[in-house]
Amino acid sequence: MFLSTLIFMPFVFALIVLFVPSKYIRSVSFGLALGHFFYSLNLLRFFDSSSHAIQLAQKIPWLPSLGITYFVGVDGISFWLVLLSTFLTPIVILASWESIKENVRGFHISLFALTSFMLGSFLAIDGVLFYVFFEASLIPMYFIIGIWGGQRRLYATVKFFIYTMLGSLFMLLAIIYLMKLTQVQFGQMSASILDWYKLEIPFVAGEFINTQTLLMIAFSLAFAIKVPLFPLHTWLPDAHVEAPTSGSVVLAAVMLKMGTYGFLRFVIPLFPGAVDYWSWVFLLLAVVGIIYGALVAMVQPDVKKLVAYSSVSHMGYIVLGLFVFNNYSVTGALYQMLNHGISTGALFLLVGLIYERTHSREISKYGGLASAAPWIGICFLIVTFSSIAVPMTNGFVGEFLILLGSFSTKKPFAVAASTGVVLGAAYMLWMTKKVFFGVESDLVKSEKLHLKEKGEKFDLRWREVAYLTPFLGLIFWMGIFPGHFLSYSTASLQHLTQSKGHYELQVLFASENDSKVVENNYQGK
Amino acid sequence: MQNIEAIGIGQNHYLILSAIIFSIGIMGVLFRKNIIMMLMSLELMLNAINLTFIAFGYFNGNLNGQIMVFFVMTLAAAEAAIGLAIAVMIYRKFNEVNIRYFEQMKG
Amino acid sequence: MESINHFSWLDVLLVSPALVLFFSSLIPLLSKIFNGNRETNSFSVLASALAGVVTALGLTVTLGSTHKPAFDGMLQFDGVSFFVSILILLITGASLIFAKENTSSNNHQFSEFVFLLLNSAVGMLTVLWANDLMVFFIGMELMSLCLYILIALSSEGKLSKEASLKYFILGSFASAILLYGVALIYGMVGSTQFSQILESARELILTSRIYLFGVVFVILGLCFKVSLFPFQAWTPDVYQGSPSPVTAFMATGVKTVCFVVFLKTLKILVVGLDSSHKLIEVLQWIAALTMLLGNIAALVQNNVKRMLAYSSISHSGYILIGLIVSGVSGDDFFGSASILFYLASYSIMTLGAFGIVSILEKNYDMQLQVQDLSGLGKRSPWLAGCFTLVLLSLGGIPPTVGFFAKFYIFSAALKYQLIWLAIWGVLSSIISIYYYLRPIVFMYMKNEEGAVLPKEKTLSFGVISASMVLILVFGVMSQPLFQWIISALGVH
Amino acid sequence: MSHQLLLSLLLLAPVLGFFINGFNFSSTKAIAVGTLGTLCSFISFICSLGLVLKLGGLPEDQRRLTVEFFNWLQVADLKIGFSFIVDQISAVMILIITGIGTLIHLFSVGYMSHDLRPAKYFAYLNLFLFNMLLLVLSDNLLLMFVGWEGVGLCSYLLIGFWFSDPAKASAGMKAFITNRIGDVGFLIGMFILFFQFGTLNFVEILSRLPAVAELGWTGPITLSCLALFIGATGKSAQIPLYVWLPDAMAGPTPVSALIHAATMVTAGVYMIVRLSGLFVLAPNVMMLIAVVGAATALFAALIGLTQWDIKKVLAYSTVSQLGYMFLAVGVGAFGGAMFHLMTHAFFKALMFLGSGSVIHAMHEEQDIRKMGGLAKKLPMTHATFLVGWLAIIGFPFLSGFFSKDEILWSVYASPNGHPLLWFIGVCGAGCTAFYMTRLMALTFWGKSRVPKEIHPHESPLVMTFPLIILAFFALTIGWVGVPHILASVLPGHIPNVFEHWLEPVVPKLSFIGKSSLLEWALMGISVSVAGLCAWLAFDFYIVHKERPKSFVLKMGKLYQFVSHKFYVDEFYKQRILDPLIEGSTALWAYVDVNFIDRLTYFIADFTVSAGAGLKSIQNGQTQQYALYILLGLVTTITWILVG
């Protein structure tokens with residue numbers, strides 16, 4: 001019940017927000033989200049990090065005619081992603097405190113719905129349930145970008161929606177096909193991922209048209225668009241640029257992770273043969289993405305676009321780590337998912353709060369911000385260092401493990417990817433230099449004056465301090481004590497990498513009545 | 001009746017005839033511009049069908065065919081009534097019975 | 001058909017829902033006549049009509065799902081007809097409510113309107129129950145003829161008349177073709193009763209060209225009614241020109257009934273489509289082209305009703321996939337179940353959609369454009385929310401019922417290796433997302449103010465809200481509905 | 001005190017200073033924050049002294065103190081502890097770092113007294129100390145890399161300390177990015193080592209080394225050494241990655257003294273010495289290191305001849321001296337390299353601080369053409385600078401003399417060495433003597449060319465005191481490593497303490513078969529070349545001042561070429577950076593915007609126009625609709641009958 005409560009609590013919050021007087025919406029939402037986060041911390045208590053099984057599971061019949069169940073559970077792979085999602089909700093509520101002025105109620109409802117769907121997709125162990133959450137999460141994000149976004153928000157949001165939808169619908173077909181396979185092979189239809197792991201999916205090496213390869217392509221398309229992997233990334237810069245700060249944060253920090261999580265949960269364990277055979281394609285795209293994203297980020301005139309392309313580059317590392325598929329690289333990739341969530345999330349928050357002050361995202365209009373707002377400068381520098389993987393920050397651990405893992409078996413890819421280390425530093429520092437260093441630009445000066453007249457602070461305000469501090473804390477905590485975080489995932493990842501091709505997972509149910517025997521009352525002929 | 005068969009007119013003749021009449025009806029609907037003429041063509045099609053029914057009924061040796069025809073005739077009447085009503089209404093409204101006049105909605 | 005000595009009151013009881021509908025349809029008309037051709041209070045007209053519908057619904061539910069022939073085997077009652085007749089009665093009730101609160105239908109001829117609508121519903125029920133090609137045809141004509149006039153009854157002066165004329169000419173044309181098919185089948189089988197056709201179909205379909213012609217004619221006649229390519233051309237024009245409540249009624253009721261009959265006739269006339277793979281091929285192409293054409297053409301529409309019409313065409317394509325599955329799958333009912341599920345969910349969504357359009361129309365000659373919706377999200381959040389939900393559901397996005405409808409259809413398709421159709425369906429539904437999102441964009445994301453401002457239309461609001469609830473409930477818990485359909489199909 | 005406690009304190013003191021000053025970064029009380037920073041640094045120095053004494057107290061073959069704080073990263077076979085090792089090599093380093101560091105902190109108190117953000121400065125400086133200590137003390141490559149990047153980071157922050165000047169901010173960025181290129185090499189080297197030996201711990205790696213040297217270029221040891229050397233070229237400013245160091249002079253001068261002369265830039269040398277057991281197994285790489293070192297030594301010295309900025313001259317000098325260290329390492333004279341590292345740290349820190357004192361006195365003027373005759377105005381600075389000058393040109397019996405001589409001798413005599421390398425080294429030494437004398441002459445001697453509005457004055461004691469201390473060491477530190485031949489003739493038989501100290505941890509060179517006569521001769525040659533060049537410079541800039549001009553006119557293009565630093569920066573900009581930027585812009589424009597997006601639009605537009613095309617089919621004509629029905633009918637029937 002714990003996980004279900006976790007998933008559906010935000011829905012209830014959304015309902016509550018519907019009836020809260022408009023004056024209190026923000027504070028009530030913040031309180032609720034914070035409560036939700038603290039509630040989710042119970043996971044640390046309940047979770048047994050020494051086991052690789054699906055834990056705290058709950059399974060009840062949902063659509064028994066097709067063997068579809070409401071089946072949720074958590075393991076080392078999804079553990080931190082869940083906490084990351086719950087962690088971000090109160091933060092983005094704080095971050096949007098002043099920037100969201102219209103339709104505040106709707107915004108918070110969307111946000112809560114989004115949280116629910118994201119949690120659901122990380123916790124779902126049933127393929128169809130996963131799909132439902134995965135797909136449904138598009139809707140609130142669509143609204144968040146479309147309603148509270150910037151100038152070209154319509155273009156961006158529709159592009160985002162259709163792009164993502166394009167991939168996921170093919171995944172739907174693949175899910176259905178897997179269900180059909182369970183019926184053929186086990187005599188009973190099942191949408192449980194755990195059953196799918198046991199399937200023998202026909203695979204012919206070297207041929208394009210075979211079941212496993214096609215299914216892999218269908219799944220990968222969905223996740224590759226979500227990640228996004230080069231060359232399917234063009235929706236991302238637009239979506240990020242147009243989204244409001246909070247939207248960008250959630251999009252970058254959690255929603256993109258749904259793609260990499262999908263690779264880890266579905267593609268890699270389900271289609272070992274095909275993934276093995278075709279992994280070079282993914283590796284190639286990942287490496288191209290790393291370099292391409294970095295190169296293109298270097299020439300962006302828009303801060304947010306730069307950060308967005310840096311996301312493309314960083315997500316390339318994660319995919320590289322996943323498809324190299326050894327213990328180091330997968331651990332690194334998982335860690336990098338969190339890192340990217342933290343550092344890119346913080347970057348978007350900072351870019352957002354700068355935008356709130358100056359109403360411009362054009363890099364060339366900035367300059368000398370560090371003199372005008374030293375605290376913002378410090379925060380930005382720290383986050384930049386995390387993003388370019390300076391040791392002692394979180395980013396380093398992930399990137400190092402990914403590169404180390406890649407180097408053991410895929411040397412050329414690792415070497416190519418490591419150029420991203422240099423390029424990453426180049427574009428981030430270039431941007432930092434242009435925006436923060438140098439003489440205060442006219443824009444900064446006038447906006448500073450403007451705020452001073454209004455009696456507002458130009459440097460970091462307390463609310464902003466409140467939501468940036470956790471990020472900065474995490475950046476160092478995760479960088480200096482990665483063991484605290486990795487220990488929860490080690491068992492799962494080790495099991496995953498060691499049982500390639502015969503991956504199976506046990507289930508530990510939260511309690512007796514969380515596992516009802518599922519009667520499959522329809523058996524087709 | 002025997003005479004008909006004696007001179008070699010069989011079921012197929014009737015069917016072909018009715019098919020021809022049906023086709024004429026179709027052509028009428030397709031190419032006549034006058035709504036009234038189109039309605040008449042529709043009636044022609046229905047009557048071709050009636051012929052088919054009768055022919056089959058006769059050659060199959062059961063009466064159902066004939067009974068069908070009564071139904072069809074009733075329906076045809078109802079259809080004609082409604083069709084004419086619509087025709088009259090639009091003639092009153094638009095002073096026009098050319099089908100090409102009614103192309104407001106398209107695309 | 002020897003004599004009527006099998007007549008029993010039980011048969012009358014079985015058809016009593018239709019009778020109740022018919023008699024209740026007379027009440028407003030009679031009261032108008034006795035009032036000296038003056039229109040009585042539209043509310044009381046509605047009340048009496050609704051009372052009839054509710055009584056019919058009550059009778060249907062009470063009679064339950066029986067498997068009985070009636071009237072000498074002319075009618076056949078079974079689980080499917082039970083399920084669908086409930087659906088039809090609900091649709092009728094909802095359409096009546098919309099009609100009462102829409103200016104294009106609630107005019108000085110509202111009594112006539114109600115009379116015709118209820119009789120059209122009677123026609124639908126007849127079609128549903130028919131166990132004989134001729135009865136089926138008569139029911140269909142009753143349904144259609146009423147609709148022709150219903151469209152023309154609109155207060156709106158130009159487009160509705162044109163729509164009525166178009167629908168009448170094309171409908172009659174298609175009916176004639178269908179009837180010709182009936183005649184040919186009759187000629188070959190010697191009877192029009194389904195049970196007798198079934199006996200000889202397996203042999204005839206392989207040997208007799210004329211029978212095959214007949215089957216093709218009947219099927220294509222049905223294709224016209226459910227607006228499949230290339231017989232879809234009338235749909236946008238007619239849907240656009242008709243009063244919105246009538247459109248709602250047509251788009252849901254007619255399509256549902258005709259698809260059910262389509263399913264029935266396909267099974268009976270062709271006896272397992274495997275014996276006629278050519279026909280299957282044609283139907284596959286029809287399905288593919290219909291989905292594609294409907295979705296692509298809808299992309300460029302600005303008129304909301306016209307857009308929904310094209311969307312309805314594309315949905316027919318999806319349903320046809322299920323139909324093909326149920327054809328090739330022999331006695332597995334998964335295809336049939338998926339169709340029925342799709343029809344039910346499609347009806348809920350489409351009723352909601354046209355209901356909202358009906359509410360939004362300021363006056364009878366308003367052509368609702370997408371641009372008119374601008375800013376609706378602010379002015380009328382509830383209605384905008386409902387429309388959003390409907391559109392997302394039509395687009396098949398979870399967690400709505402539309403998603404599960406597509407899910408079942410695609411499941412069925414993949415189960416019987418119709419992979420390319422499933423992929424085609426997926427591709428075209430991606431196209432569809434664009435136009436389903438467009439009104440949402442206008443409602444929430446445009447700053448300018450649109451033309452529409454919904455007035456207090458409580459009853460319609462109620463119906464729309466109910467359909468929203470159903471969309472969500474069945475979206476989250478589609479099992480009960482699906483279970484019901486499976487049991488209606490006679491599986492235990 | 002136990003060595004654990006000492007080490008903790010050694011590391012924690014600067015961190016503490018960083019945090020206190022960092023959170024208080026807007027404080028302008030230079031004295032207070034400076035004292036705090038210096039104090040922290042001094043505590044570290046005391047601790048390192050304590051540690052070294054402890055280490056010295058141990059028997060020779062057990063001189064190794066290890067401390068493990070916690071397990072940092074553990075994934076499968078990879079176990080990286082937050083653990084440290086104090087042995088002979090790191091002992092030398094921590095003494096240099098904290099000792100010179102403390103002096104430079106002290107100097108900074110005076111130097112930064114008028115700055116707006118002294119607290120921030122001292123915070124960064126303390127952070128640097130911490131990272132540098134991390135670098136030299138870590139017992140594994142990964143933790144070393146942490147310090148390695150950490151010092152780079154601090155260098156970035158301190159070079160761009162006055163970030164309001166875009167040029168200075170750019171210099172910091174350039175330093176960081178250039179270093180990053182090297183760091184990639186370091187990373188890759190680390191990966192190869194890890195997969196070869198299954199560990200990143202220095203002690204374990206060295207204990208698992210094979211016995212025989214690896215020939216060829218593609219063996220894992222050679223490749224890893226090569227990659228690590230690339231890392232070293234980045235950090236230690238060797239060809240081809242040296243370009244950042246001259247620009248790094250944008251930072252405050254004490255920073256240049258500490259980071260860009262004494263400590264950080266020598267990290268590459270330190271790393272190679274640390275892994276000397278590994279490097280000797282890769283003779284090809286060793287050869288490459290020697291060649292690169294020699295080339296850098298000469299190349300940078302040549303550029304140094306033509307520079308007019310006092311700090312730039314010193315910067316190129318640093319690059320050049322680092323080249324000597326690499327030359328030494330390359331020929332296997334690890335001890336010599338460490339020795340030169342140490343002496344160079346003293347005299348170069350001294351000269352940088354001296355130049356800082358000059359700049360301070362000149363109100364931030366750095367052009368030596370606008371100086372001259374400062375010896376009178378700045379007597380103490382001049383005196384100490386003089387010591388530095390003598391040390392660097394290799395004046396006999398000063399520190400530079402001993403270390404440079406040892407290197408040159410090793411280069412000539414080592415089995416890995418080559419007379420040609422020795423020749424290059426001597427040429428470099430000649431150039432060094434020339435440009436250093438030139439610097440002295442133009443800055444301190446001759447007539448004053450100081451602009452009227454500037455009134456130079458001697459720096460306060462807080463600045464001159466460190467100068468004096470450093471000068472003292474620059475004079476004397478060489479005596480810890482007196483060469484054997486010299487020791488044999490000098491009274492008292494001074495032992496070579498330094499060599500003896502390092503003996504257990506670095507491979508020793510054998511000079512069997514090389515006569516001491518040869519050594520004497522070579523020493524004589526190098527000293528006289530240096531003396532000659534120094535005299536030449538004196539002649540050029542003091543005696544015959546018109547000569548440089550005519551000389552420059554005579555050399556024409558060649559002079560231009562050298563004074564523009566061989567156009568290396570321009571080359572990098574035009575051939576690498578500009579194409580990269582242009583290429584990226586093109587990539588963005590053509591791949592993203594014009595290809596992927598265009599393709600997307602094309603598909604979308606195509607679909608939409610297909611929809612518009614369907615409008616013409618749906619033309620509203622009833623009879624045409626009926627025709628479609630008929631056509632559908634006919635097609636279906638034909639299909640079924642014929643198809």
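Basis for what follows: all heavy atoms, side chains included, without hydrogens, waters or symmetry-related copies. In what follows, chains are A, B, ... by sequence order, proteins preceding strands, each numbered from 1.
Heavy atoms closer than 4.5 Å to chain A are found in the side chain of Leu153(D), but not in its backbone. Contact annotation for Leu381(A): only side-chain heavy atoms (C-beta onward) come within less than 4.5 Å of a heavy atom of chain D. There is no contact between Trp235(A) and chain D, counting heavy-atom distances below 4.5 Å. With a 4.5 angstrom heavy-atom cutoff, Val75(D) touches chain A via backbone and side-chain atoms both. Residue contact with chain A, scored on non-hydrogen atoms closer than 4.5 Å, involves the backbone and the side chain of Val591(D) alike. For Asp77(D), the parts sitting under 4.5 Å from any heavy atom of chain A are the backbone and the side chain alike. At a 4.5 Å heavy-atom cutoff, the contact between Ile192(D) and chain A is made by backbone and side-chain atoms alike. Neither the backbone nor the side chain of Leu143(D) comes within less than 4.5 Å of any heavy atom of chain A. If you measure heavy-atom distances from Val390(A) to chain D, the contacts under 4.5 Å come from both the backbone and the side chain. Only the side chain of Leu423(A) comes within contact range of chain D, with at least one heavy atom under 4.5 Å from a heavy atom of that chain.
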- Evaluate side chain to side chain contact (heavy atoms under 4.5 Å, CB included) for Val296(A) paired with Thr585(D), printing each intermediate quantity in order. CA-CA 7 Å; Val296(A) 173; Thr585(D) 318; over 6 Å; no

- Decide yes or no on side chain to side chain contact (heavy atoms under 4.5 Å, CB included) for Ser584(D) and Tyr292(A), but give the supporting numbers first. CA-CA 8 Å; Ser584(D) 304; Tyr292(A) 179 86; over 6 Å; no

- Query: When you look at Val397(A) and Leu73(D), which way does the side chain to side chain contact (heavy atoms under 4.5 Å, CB included) test go after all the steps?
  - Reply: CA-CA 8 Å; Val397(A) 180; Leu73(D) 187 58; 3.6 Å; yes

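Using cut-offs of 30° and 60° for the angle between ring planes, the Phe195(D) and Tyr328(A) rings count as perpendicular. Between Tyr156(D) and Phe385(A), the ring-plane angle classifies as perpendicular under the 30° and 60° cut-offs.
When ring centroids are compared, Phe437(A) and Trp162(D) stay outside the 6.0 Å threshold. Ring pair Phe481(A)/Phe70(D): centre-to-centre distance below 6.0 Å. Between Phe194(D) and Phe407(A), the ring centre distance reaches or exceeds 6.0 Å.
To the nearest 0.5 angstrom, Thr419(A) atom OG1 is 10.5 Å from Ile181(D) atom CD1. Between Lys434(A) atom NZ and Met173(D) atom CE the span is 8.5 Å, to the nearest 0.5 Å. Of the inter-residue distances, the one linking Thr234(A) atom OG1 with Asp597(D) atom CG reads 4.5 Å to the nearest 0.5 angstrom. Distance CZ/Phe436(A) to OG/Ser164(D): 13.5 Å, rounded to 0.5 Å. Note that CG of Leu403(A) and CD1 of Ile188(D) are 8.5 Å apart. Values are rounded to the nearest 0.5 Å. Expressed to the nearest 0.5 Å, how far CZ of Phe186(D) lies from OG of Ser418(A) amounts to 14.5 Å.
Minimum interatomic distance between Ala76(D) and Asn327(A) (heavy atoms only, all atoms of both residues): CB-ND2, 3.9 Å. Closest non-hydrogen pair, Lys433(A) versus Ser170(D), comes out as NZ-OG, 2.8 Å. Pairing each heavy atom of Val299(A) with each of Ile581(D), the nearest pair is CG1-O, 3.6 Å. Closest approach of Ala425(A) to Arg180(D), counting heavy atoms only: CB-CG, 3.9 Å.
In terms of heavy-atom pairs under 4.5 angstrom with chain D, the leader among His484(A), Lys411(A), Gln300(A), Met298(A) is Gln300(A). Top candidate by heavy-atom pairs under 4.5 Å with chain A, chosen from Leu580(D), Ile177(D), Leu116(D), is Ile177(D). Ranking Gly438(A), Gly367(A), Ala426(A), Gly424(A) against chain D, the residue ahead of the rest is Gly438(A), based on heavy-atom pairs under 4.5 Å. Each of Asp238(A), Ile378(A), Thr497(A), Val422(A) has some count of heavy-atom pairs under 4.5 Å with chain D, and the biggest count is that of Val422(A). Note: Pro231(A) leads Gly368(A), Pro231(A), Ser487(A) in heavy-atom pairs under 4.5 Å with chain D. Chosen from Val593(D), Asp165(D), Thr600(D), Asp183(D), the residue pairing most often with chain A at heavy-atom distances under 4.5 Å is Thr600(D). Counting heavy-atom pairs under 4.5 Å between each of Val421(A), Leu404(A), Leu295(A) and chain D puts Leu404(A) at the top. With respect to chain D, the highest number of heavy-atom pairs below 4.5 Å among Ile480(A), Thr490(A), Leu486(A) belongs to Ile480(A).
Residues Asn131(D) and Met392(A) fail the side-chain proximity criterion, which asks for heavy atoms closer than 4.5 Å.
Heavy-atom contacts from other residues, nucleotides or ligands closer than 6.0 Å to NZ of Lys29(D) number 12 or fewer. Atom CZ of Phe69(D) sits in a crowded spot, with more than 12 heavy atoms from other residues, nucleotides or ligands closer than 6.0 Å. Other residues, nucleotides and ligands place more than 12 heavy atoms under 6.0 Å from the OH atom of Tyr601(D).
With salt bridges taken as basic N to acidic carboxylate O contacts below 4.0 Å, none links Lys305(A) and Asp592(D).
The residue from Trp72(D), Phe191(D), Phe145(D) that alone fulfils the ring pair (Phe, Tyr, Trp, His ring centres under 6.0 Å) condition with Phe400(A) is Phe191(D).
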